[in-house]
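Values reported hereafter were calculated over all heavy atoms of this structure, with side chains retained and with hydrogens, waters and symmetry mates removed. If you're wondering where the values come from, they're calculated on a predicted model, not measured in any experiment.
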Amino acid sequence: MRWLHRRGRRLVALATAAVTLPLTATLSQAAAAPPTPTPAPYALVPQPVSQQAVAGEGFALTAQTRISVLSRDSDAVGVGTYLSKLLAPATGYDLKVVKDTRAPKNALVLDPNGPKKLGAEGYTISSGKDGVVVKAHGAEGLFRGVQTLRQLLPAAVESRTKQSRAWTVSPAKINDAPRYEYRGVMLDVARRFFPVDQVKRYIDEAAAYKINTLHLHLTDDQGWRIAIDALPDLTKVGASTQSGFTGGTGWYYSAADYKEIVSYASSRFMTVVPEIDGPGHTMAALASVPELNCDNKAKPPYSGFDVGISLYCLEDGTHTGNMRRFLKTVIKEVAKLTPGPYIHLGGDETPQATPEGYASYVKAATEATTGRHKTVMGWHQLGQSAIPSGSIMQYWGEDDDRESIGTAEETETIRFVRNGVSQGAKFVMSPSDHAYLDMKYDVSTPYGLSWSGYVPVQRSYEWDPETVTGKLDGTGSIVPAKKIAGVEAALWADRAYEGSGSLPTPSTRWPEPRDYADYMSFPRLPALAEVGWSPQSARDWDGFRQRLAQHGQRWTAAGIAYHAAPGIPWTGTVRTVEGVHVLETGGVALENGGSSSDGTDLLMWAPNRGNNQTWTVAPQSDGTYTLTAKSSGKCAEAAGGAGATVVQRACNGQTGQRWKITQADNDRHTIASAATGLLLTAASAANGARATQQPDTGSTLQRWSID
Ligand code: TNX
């Protein structure tokens, strides 16, 4: 499938090449009385390995319910305290945490003495009228189980204020363990500084979906965000800028701040991975440490929006020596503050580096890292040079790279990945066309970029780490399955402002980092969390979007400013047919091929939410609707009888251009011509298939989503 807006990654040119995209009106949503009926009493994300419906009543929480921990282990007891605090605001209860040797009835029991086969993060839950038991092999598994337990309670439990209502844990039997041990999310605190409290808030949001790694992109051209005692200018000068901001003083984490983040993350069983990017993306360092530049002169601090603009001086022994000493100092300090096993060394986007120069960076940085007994992590470019076996490479390629596999012109990405595999690297998968949270959902997303195409929720969900470095048909993976450590969602912040289609103006709105993060991450972070946690066989898009829909209420209760993205039947809202929509059936969308001529056949194409596929659905006095193409301003018209194509033509108000729209089920509709009574039908689900009119056969190609 081709993404119409796909373009290869262009360095420097990125900022100026940004297309100006009009912001289309968001979907009209009306608050409605009857919410969509929910198929199950609860909707779990990520989907557990197995769950059994349990008949009967759930467990009713009261102010007297105790949280019973079957251990004296302080981490396990800590999970009990965490659970009590989690439930306090909405319930108004202050549930007591007690250490017991035997499980009492009518309690929330946390038992860390489960069998070893559950693994570090696996757990079981058994809940019913007489109580709830979460069992795991250790505290971490209990913590993951508690995130599931949370989702067995009503959405209102996420509220930060007291709600007067009953609190029942749905009856269930669940058995669960993760697919991958590494499930991360990256925050780009370099381009846009996230204050400590906003990082902590994001940790909580991610932990609710069983994310266990927080990758902090601490350094880039636009800022250096971690204090290094021996090099005070790094934060005095290097932290004074962000993308779009100058003159800051506190835009970095002191050692105490960083420790606070690390310990908060660890209380959520989350590991922090610090990234010190190089040899490119280093303008903040070059502005702070003169001897890293070939002319020994500090560069001016940078607050712009370009990438690929900087490089440590790698041209002679003196300067590579300077770099080596610099990295040793920095990495020593960062390693000291970081209990987790990894240091991420960046390595991305260094167009000006010679292979020798690049290799000298990798040698210096990896030696400084292994010298501190840490495991090397880096973007997949790191694989072009010698790296220690067991290093972790983060893959951020896209479909264009996959297409090149096995051809004479394999992309650099594919070559670097192969090179990493042969050096014994493991991989974390962050394919940019699925896992980059800074890609726009669609044309109407106010923030972000689209160099890797739009990433609607479905695209963030529908991929498999085992085939994402294979050809497009899923075969020929170049990373063996057993070398996949996991998945990471990456929230870059190059364009964390509204109207990102063009460079910001003085009147541009800059949301708080937390609002940018919420909008871009929810609902896509939960989708990616499920990719990393749930078995591939337990995942399907249609089931997922139904489950996800119910989480919108949780986010509202928790104050998460999520994006009510199209394609998800959000509970408690009804999408009115009237408005600006994409019409999809069988996974393809109705479009006019970009034509503005009268009589052009309408066709089906992979959804890209571009203007060619955007339709204004307007009610007429007789209860029918006209469908007007955004790109041409022309109306969809039924030309001829059964089997005839549907075309676009200048709008004329005639019955040939009127359509009767009927809800077929939850969120599918039939669209019948007012002239012929025949249904708008996709001839097939292939790109380029014609839109035709046919009698109702019950086919899914006649059941349209109007999102
Ligand atoms: C590429 S992917 C980058 C970042 C940008 C991002 C924007 C990668 C390792 N580097 O520098 O922030 O694109 O989407």
Side-chain angles (χ1 to χ4, degrees), residues 119-121 140 177-186 211-218 262 265-266 269-279 324 327-328 330-332 334-348 350 355 358-397 412-431 435 465-466 468-470 477-488 490 532-533:
E121 295 188 290
E140 186 174 1
R179 180 179 186 190
Y180 292 114
E181 69 181 41
Y182 185 117
R183 304 176 308 280
V185 65
M186 188 203 80
I211 294 291
N212 67 1
T213 309
L214 175 70
H215 167 183
L216 291 175
H217 183 72
L218 289 170
V262 166
S266 134
F269 295 86
M270 202 181 277
T271 303
V272 171
V273 176
E275 178 181 352
I276 306 297
D277 202 353
R324 192 175 330 110
L327 289 173
K328 224 172 151 182
V330 168
I331 287 170
K332 178 178 166 192
V334 172
K336 203 172 72 192
L337 294 171
T338 304
Y342 308 114
I343 306 256
H344 197 299
L345 302 174
D348 54 321
T350 48
Y358 188 89
S360 70
Y361 167 74
V362 176
K363 186 166 189 301
T366 55
E367 282 176 5
T369 304
T370 52
R372 294 281 146 195
H373 310 291
K374 296 291 184 188
T375 300
V376 167
M377 235 185 122
W379 298 105
H380 65 234
Q381 283 95 331
L382 219 59
Q384 67 191 284
S385 299
I387 49 172
S389 170
S391 298
I392 297 201
M393 283 169 57
Q394 192 167 359
Y395 172 78
W396 59 282
E412 230 178 32
T413 293
I414 298 302
R415 284 193 284 115
F416 294 164
V417 170
R418 284 193 193 282
N419 218 22
V421 170
S422 68
Q423 297 188 71
K426 288 200 203 156
F427 286 78
V428 164
M429 300 302 185
S430 302
E466 279 190 23
V468 82
T469 56
S477 256
I478 56 178
V479 175
K482 62 177 190 310
K483 291 292 183 186
I484 301 173
V487 169
E488 185 172 295
W533 179 280

Enquirer: Do you know which two heavy atoms are closest between Ala364 and Arg324, and how far apart they sit?
Expert: CB-CG, 3.9 Å
Enquirer: State whether the side chain of Asn419 and the backbone N or O of Ser385 hold a donor-acceptor pair below 3.5 Å, judged by distance alone.
Expert: no
Enquirer: Looking at every heavy atom in both Pro279 and Tyr361, which two are closest together, and how far apart are they?
Expert: CD-CD2, 3.3 Å
Enquirer: Is the count of non-hydrogen atoms from other residues, nucleotides or ligands lying under 6.0 Å from Lys426 atom NZ greater than 12?
Expert: no
Enquirer: Are the side chain of Asn212 and the backbone N or O of Met270 linked by a donor-acceptor pair below 3.5 Å?
Expert: no
Enquirer: Once rounded to the nearest 0.5 Å, what's the spacing between atom NZ of Lys332 and atom CG of Leu337?
Expert: 12.0 Å
Enquirer: Working to the nearest 0.5 Å, report the span between NE2 of His217 and CE of Met186.
Expert: 6.0 Å
Enquirer: Considering only heavy atoms from C-beta outward, does the side chain of Gln423 approach that of Ser389 to under 4.5 Å?
Expert: no
Enquirer: Search all heavy atoms of Ile331 against all heavy atoms of Ala365 and return the closest pair with its distance.
Expert: CD1-O, 3.9 Å
Enquirer: Can you tell if the side chain of Leu214 reaches within under 4.5 Å of the side chain of Thr271, non-hydrogen atoms only?
Expert: no
Enquirer: For residues 376-383, dump all side-chain donor-acceptor pairs below 3.5 Å to protein atoms at least two apart in sequence or in another chain.
Expert:
unit_1	atom_1	unit_2	atom_2	d
Trp379	NE1	Glu275	OE2	2.9
His380	ND1	Trp396	N	3.2
His380	NE2	Thr413	OG1	3.3
Gln381	OE1	Trp396	NE1	3.1

Enquirer: Between Lys374 and Thr370, is there a side-chain heavy-atom distance shorter than 4.5 Å?
Expert: no
Enquirer: Show the numbers, then the answer: is there a side chain to side chain contact (heavy atoms under 4.5 Å, CB included) between Val479 and Met393?
Expert: CA-CA 11 Å; Val479 175; Met393 283 169 57; over 6 Å; no
Enquirer: Rounded to the nearest 0.5 Å, what separates atom OG in Ser477 from atom CD1 in Ile484?
Expert: 6.5 Å
Enquirer: For the residue pair Leu345 and Val362, establish whether any side-chain heavy-atom pair is separated by less than 4.5 Å.
Expert: no
Enquirer: Say whether, by atom type as modelled, one donor and one acceptor occur between the side chain of Tyr358 and the main chain of Gly347 under 3.5 angstrom.
Expert: yes
Enquirer: Write down the atom of Pro465, the atom of Val487, and the distance for their closest heavy-atom approach.
Expert: CG-CG2, 3.7 Å
Enquirer: Between Arg183 and Trp533, does the side chain to side chain contact (heavy atoms under 4.5 Å, CB included) criterion hold? Intermediate values first, please.
Expert: CA-CA 7 Å; Arg183 304 176 308 280; Trp533 179 280; 3.4 Å; yes
Enquirer: OG1 of Thr366 to CG of Leu327: how many Å apart, nearest 0.5 Å?
Expert: 10.0 Å
Enquirer: Kindly give the heavy-atom pair with the smallest separation between Pro274 and Val334, and that separation in Å.
Expert: CG-CG1, 3.5 Å
Enquirer: Could you grab the distance from atom NE2 of His344 to atom CD of Glu488, nearest 0.5 Å is fine?
Expert: 6.5 Å
Enquirer: Report the distance from atom OG1 of Thr375 to atom CD1 of Ile343, rounding to the nearest 0.5 Å.
Expert: 9.5 Å
Enquirer: Before giving the answer on side chain to side chain contact (heavy atoms under 4.5 Å, CB included), spell out for Thr469 and Tyr395 the whole-Å C-alpha distance, their side-chain angles and the decisive distance to 0.1 Å.
Expert: CA-CA 9 Å; Thr469 56; Tyr395 172 78; 3.9 Å; yes
Enquirer: Would you say the side-chain atoms of Lys336 pair up with the backbone N or O of Arg372, donor to acceptor, closer than 3.5 Å?
Expert: no
Enquirer: Begin from the C-alpha positions of Leu216 and Val272 and carry the test side chain to side chain contact (heavy atoms under 4.5 Å, CB included) through to its verdict.
Expert: CA-CA 7 Å; Leu216 291 175; Val272 171; 4.1 Å; yes
Enquirer: Is it true that a side-chain atom of Ser391 and a backbone atom of Pro388 form a donor plus acceptor pair closer than 3.5 Å?
Expert: yes
Enquirer: Any salt bridge linking Glu466 with Arg179? Criterion: basic side-chain nitrogen under 4.0 Å from a carboxylate oxygen.
Expert: yes
Enquirer: Hey, are the side chains of Tyr182 and Tyr342 touching, using non-hydrogen atoms and a 4.5 Å cut-off?
Expert: yes
Enquirer: Under a 3.5 Å distance rule, please check whether Lys328 uses its side chain to pair with a backbone N or O of Glu367 as donor and acceptor.
Expert: no
